[in-house]
Amino acid sequence: MSENLFEPNKTERIPRGEDSFGATRWNPVEAAKNYGTEDQESRSLSHHNSEEDFDGDTQASANTLMARSDDVILRDPSKSVGARFLQVILAVLFPALVLIGAVRAVATPWFAWAIYNRPGFPADEFGFTNEERLTYGNYGVDYLSNSAGEEYLGGLVDSNLNPLFLNTEVSHMVDVKNVLLPVFFGGLGLFIIAVLVMFALKSVAPGGVRRGLFAGSIITLVGIIALAVVAILNWDAFFTGVHQLFFKDGTWTFNYSDTLIRLYPPQFWVDAGIGVGALVLLTCLITLLATWPSRPRREHDRMVTQLKAERYATE
């Protein structure tokens, strides 16, 4: 409101925001409203810009993580050709080691004692007592794993001071020793190689040892079942085939009255075969239980593998 100088009795309303000369004047109420609106718009714009910056940073971080994840997968040591090759080597070595170990366990005096003393084992038709069988039989078993020459058996005599073994029998035992000793020492070498492979696998591929042994036990189990079926169906053919594989014809056949047959009759070899098969089967079952790929074991291997792969990716 302003007073009309020319007509004092009249008043006129001056437009808000302008003085009597038409100039804009400051209105505190409008200023306060505008201040709040402008501040809100400024903050909204700033927040919007911040969100855009955050979204950009998040996307960049996600892209970086995806790139690193791809790099981790590419550099996963457990999936490398070398790690898989070592697992195959371990799986192949396992059957040979188990079979050699079982044969070595059977070719011991304690196993011969168990066979000679088991109920139902046939007695010697030509007069050897159980004690004489055990004594002379242990000489033959010991000879297969010691460093003695053929005189170790050739010098033995019976109670009548007659040579215990014929020259052909001694010669065959020499042949058997020449087969078994390299196999036993070769098994020791394979065992050392298997240990080195397991150490290498453990360092680069968590779970690799378990997978290699599991595969090896499956292979061994299938093989021993196949051999057992063949032996059960025709033991004589199986026994003959094994001897023909390692020895010349005519060097491993003897009369029932010869000492080797009296000490180690056919039933002895049947029991020895059962013993080898049982030891191999037991070893396979224990290994399968110890290395079965259960879910907790797979999750543990996956976690350890991921940690190792991330460590390699940062190097």
Side-chain angles (χ1 to χ4, degrees), residues 95-118 121-122 124 126 128 130 132-158 162-191 223-224 227-228 230-231 234-280:
L97 288 174
V98 173
L99 183 59
I100 293 173
V103 173
R104 183 66 187 90
V106 168
T108 53
W110 70 265
F111 190 83
W113 177 90
I115 291 179
Y116 289 141
N117 288 279
R118 78 165 178 83
F121 189 77
D124 177 33
F126 298 93
F128 276 156
N130 195 52
E132 289 176 326
R133 261 184 168 179
L134 186 60
T135 300
Y136 299 145
N138 283 341
Y139 271 100
V141 173
D142 289 337
Y143 173 73
L144 297 178
S145 58
N146 62 25
S147 58
E150 60 183 63
E151 67 277 359
Y152 186 84
L153 295 179
L156 292 176
V157 293
D158 59 16
N162 296 317
L164 188 65
F165 294 102
L166 301 175
N167 291 334
T168 54
E169 294 175 300
V170 174
S171 177
H172 177 62
M173 292 298 287
V174 172
D175 293 339
V176 174
K177 185 172 186 174
N178 290 336
V179 170
L180 288 183
L181 272 186
V183 169
F184 292 156
F185 281 109
L188 180 60
L190 293 179
F191 177 76
I224 198 65
L227 289 176
V230 173
N234 195 334
W235 169 258
D236 291 337
F238 176 78
F239 186 79
T240 300
V242 171
H243 280 74
Q244 289 178 340
L245 181 64
F246 296 104
F247 310 112
K248 295 180 179 180
D249 291 338
T251 63
W252 54 273
T253 54
F254 304 96
N255 298 319
Y256 282 99
S257 60
D258 292 338
T259 301
L260 278 182
I261 303 301
R262 295 170 62 186
L263 295 178
Y264 314 113
Q267 187 59 48
F268 182 95
W269 298 110
V270 172
D271 291 353
I274 294 174
V276 170
L279 289 174
V280 172

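Only this structure's heavy atoms are used, side chains among them; waters, hydrogens and symmetry mates stay out.
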- prompt: Does the side chain of L164 reach to within under 4.5 Å of the side chain of L153, using non-hydrogen atoms?
  reply: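 No. Closest side-chain heavy atoms not under 4.5 Å.
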message: What I'd like to find out is whether the side chain of L227 reaches to under 4.5 Å of the side chain of F238, using heavy atoms alone.
response: yes
Pairing residues for W113 by the side chain to side chain donor-acceptor pair (under 3.5 Å) criterion, not counting sequence neighbours: none
Under the side chain to side chain donor-acceptor pair (under 3.5 Å) test, residues paired with N255 that sit two or more places apart: none
Exam field: side chain [X] to backbone [Y], donor-acceptor pair closer than 3.5 Å:
X: K177; Y: E150; result: no
X: S171; Y: N167; result: no
X: E169; Y: T259; result: yes
X: Y264; Y: G137; result: yes

To check you understand the geometry: which heavy-atom pair defines the closest contact between [X] and [Y], and what is its length?
X: V106; Y: G275; result: CG2-C, 4.1 Å
X: G187; Y: L97; result: O-CD2, 3.4 Å
X: L134; Y: A112; result: CD1-C, 4.3 Å

Working to the nearest 0.5 angstrom, can you tell me the gap between [X] [atom1] and [Y] [atom2]?
X: T108; Y: L144; atom1: OG1; atom2: CG; answer: 11.0 Å
X: F128; Y: D158; atom1: CZ; atom2: CG; answer: 7.0 Å
X: F111; Y: F268; atom1: CZ; atom2: CZ; answer: 7.0 Å
X: F246; Y: W252; atom1: CZ; atom2: CH2; answer: 13.0 Å
X: L166; Y: L260; atom1: CG; atom2: CG; answer: 8.5 Å
X: T240; Y: W235; atom1: OG1; atom2: CH2; answer: 10.0 Å

task: Please list all pairs passing the side chain to side chain donor-acceptor pair (under 3.5 Å) test where one or both residues lie in residues 135-145, with sequence neighbours left out.
output: none
field: Listed partners of F121 passing ring-ring contact (aromatic ring centres under 6.0 Å, His included), at least two apart
entry: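 With neighbours one apart ignored, the set is Y116.
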- request: For F247, enumerate each residue passing the ring-ring contact (aromatic ring centres under 6.0 Å, His included) test, keeping only those at least two apart in sequence or located in another chain.
  value: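 Result, ring-ring contact (aromatic ring centres under 6.0 Å, His included) vs F247: H172, H243.
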message: Applying salt bridge (Lys or Arg N to Asp or Glu O under 4.0 Å) as the test, list every pair that has at least one member in residues 258-278; sequence neighbours left out.
response: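 Listed by first then second residue: R118-D271, D124-R262.
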message: A cation-pi test, strictly: NZ or CZ of R104 under 6.0 Å from the centre of the six-membered ring of F184 and no more than 45 degrees from its axis. Yes or no?
response: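 R104 over F184 ring: yes.
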message: With a 6.0 Å cut-off (strictly less than), is the heavy-atom count around CZ of F254, excluding the residue itself, greater than 12?
response: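 Enclosed.
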